[in-house]
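Below is one structure, written out as structure tokens, with a few remarks after it.
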Amino acid sequence: MSSAPKQRKFEGWAAMDSNAIKGEMKWTEYRPKEFFDDDVELEIQYCGICGSDLHTMSDGWGSTKGMYPQVVGHEIVGKVVRVGKDVKHLKEGDIAGVGAQCDSCMECVNCKNGEENYCSKGQTGTYCGKFRRTAKGSKSYGGYANYWRGPAHFTIPIPDNLDPAEAAPMMCGGVTVYTPLKQYGAGTTAKSVGVVGLGGLGHFAVLFATAMGADVTAITHSHKKTEDAKKLGAKQVIVTGDDIKAAFKGYRRSLDLIIVSSNAPNMPFNAYLSLLRPHGHLVIVGAPEEGTIPNVSPFNLIGSNVHISGSAIGSVKGIAECLKFAGDHNIKAWVKRYTMKDANEAVEAA
Ligand SMILES: [Zn+2]
Ligand SMILES: [Zn+2]
């Protein structure tokens, strides 16, 4: 039988403590969760480096204490090499991916409505998490590794027309911006879209919003990213520099939707809100290591009926939709490739 149990040796780049972020991960054998009938195993081909990997290794969010050693990486793509007997949508040899979430309760109203990312009992992160549905208490391990094992429900086939290496960073970074762009009508009801920050998330936001037919305004702190923003498809670029008031002059009420992908502390939200047309949305997707939303004036909200919200990764269905959209629109992530053995070098450069 194709799914006969095989004893694979699971090894990955483990963060032993917060020094891992300085390029001190160690190649280590670890024990994955017990294999259940609804699980699969992937032989990992690609894994993106997400900002969350770095925040987790450094314990910047305060969630890693007691969870070392930790194998991070949640933009995983690989070949399906083992399939539990209850799995219907994948077979051995398929190319599939896993994003930032690898399990949820599968029973609550949100899970039943296909919004596993908002599971009422909380999601199991692909790393630095604990399984609660099967293999209760087992730690989850991510994709800077040779193999990945976990629930097939969260393992999504990669479309044939999408390069698996391009698909990897879309599993978290891509879908994190694709989801709110879709939700708030980029290219349809939201013709003018602003993107704050041009890192991993921001570059996807410009690519996807442009492909959805929106006019994109990139908002960046320095001139360094201006050319990149234009190459990605931005129609205009606002460089905020040290005088945001001056930079935003002439742009008041010019945007329908703003995706804030930066995770800098103390962002100038009042200034961003001034860019929104009435009924517009400002959606936060970047999570800073410290701080709250600073001093937003209620008048800026009341005066133009604008909304501030947040959005977390994407649902299983949302990831599949995002990958299909990327394949159909020939979206190319800007990726720099490293071999897995050079993971420490890649993390230091990130
Ligand atoms: Zn991520
Ligand atoms: Zn749930």
Side-chain angles (χ1 to χ4, degrees), residues 13 15 21 38 44 46-61 63-64 67 70-77 97-134 136 140-145 148 150-151 153-156 166-180 197 199-205 208 259-263 283-289 310-319 322-323 326 333-335 343 346-347 350:
W13 284 108
I21 191 131
D38 63 351
I44 295 169
Y46 301 101
C47 186
I49 296 179
C50 174
S52 305
D53 303 356
L54 308 177
H55 292 295
T56 298
M57 285 199 280
S58 68
D59 197 25
W61 286 331
S63 56
T64 324
M67 293 294 275
Q70 217 16 262
V71 175
V72 300
H74 62 201
E75 296 178 332
I76 305 169
V77 172
V98 186
Q101 176 180 14
C102 70
D103 208 6
S104 67
C105 82
M106 311 278 273
E107 288 173 353
C108 73
V109 63
N110 302 299
C111 285
K112 287 210 164 121
N113 285 339
E115 292 201 305
E116 305 89 341
N117 49 329
Y118 298 119
C119 174
S120 298
K121 294 189 180 158
Q123 45 166 293
T124 297
T126 297
Y127 54 75
C128 206
K130 287 218 168 132
F131 289 97
R132 281 167 291 179
R133 194 174 53 84
T134 64
K136 281 194 186 84
S140 59
Y141 290 99
Y144 297 3
W148 178 84
H153 180 78
F154 293 87
T155 311
I156 297 147
E166 302 273 346
M170 294 179 192
M171 300 304 300
C172 174
V175 77
T176 295
V177 295
Y178 174 88
T179 301
L201 291 171
H203 107 286
F204 272 129
F208 280 122
I259 304 289
V260 180
S261 76
S262 164
N263 59 8
V283 186
I284 297 163
V285 292
E289 291 201 344
S311 184
I313 53 170
S315 63
V316 168
K317 205 168 137 243
I319 295 172
C322 169
L323 297 176
W334 287 13
V335 290
V347 161

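Note that the structure is predicted; figures quoted are calculated from it, not measured. Start at 1 and go down the list; that is how both ligands and their atoms are numbered.
Between the side chain of Tyr127 and the main chain of Asp53, a donor-acceptor pair closer than 3.5 Å is present. Judged by distance alone, the side chain of Asn110 and the main-chain N or O of Gly114 form no donor-acceptor pair under 3.5 Å. For Arg133 (side chain) and Pro151 (main-chain N/O), no donor-acceptor pair under 3.5 Å exists by modelled atom type.
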Query raised in the report: Yes or no on side-chain contact (heavy atoms from CB on, under 4.5 Å) for Leu323 and Met171, after CA distance, side-chain angles and deciding distance?
Result: CA-CA 8 Å; Leu323 297 176; Met171 300 304 300; 4.0 Å; yes

**Report entry** Residue pair Lys317, Glu116: steps toward the side-chain contact (heavy atoms from CB on, under 4.5 Å) verdict
**Finding:** CA-CA 9 Å; Lys317 205 168 137 243; Glu116 305 89 341; over 6 Å; no

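Inside a sphere of radius 2.8 Å centred on the Zn ion (ligand 1), the protein N/O/S atoms present are Cys50 SG, His74 NE2, Cys172 SG.
In this structure, SG of Cys119 and SG of Cys105 enclose an angle of 100° at the Zn ion (ligand 2), rounded to 10°. If you put the vertex on the Zn ion (ligand 2), SG of Cys111 and SG of Cys108 sit 110° apart, to the nearest 10°.
The aromatic rings of Trp334 and His203 are tilted relative to each other, their planes meeting at an angle between 30° and 60°.
Residues Asn113 and Tyr118 have side chains that never bring a donor and an acceptor to within less than 3.5 angstrom of each other.
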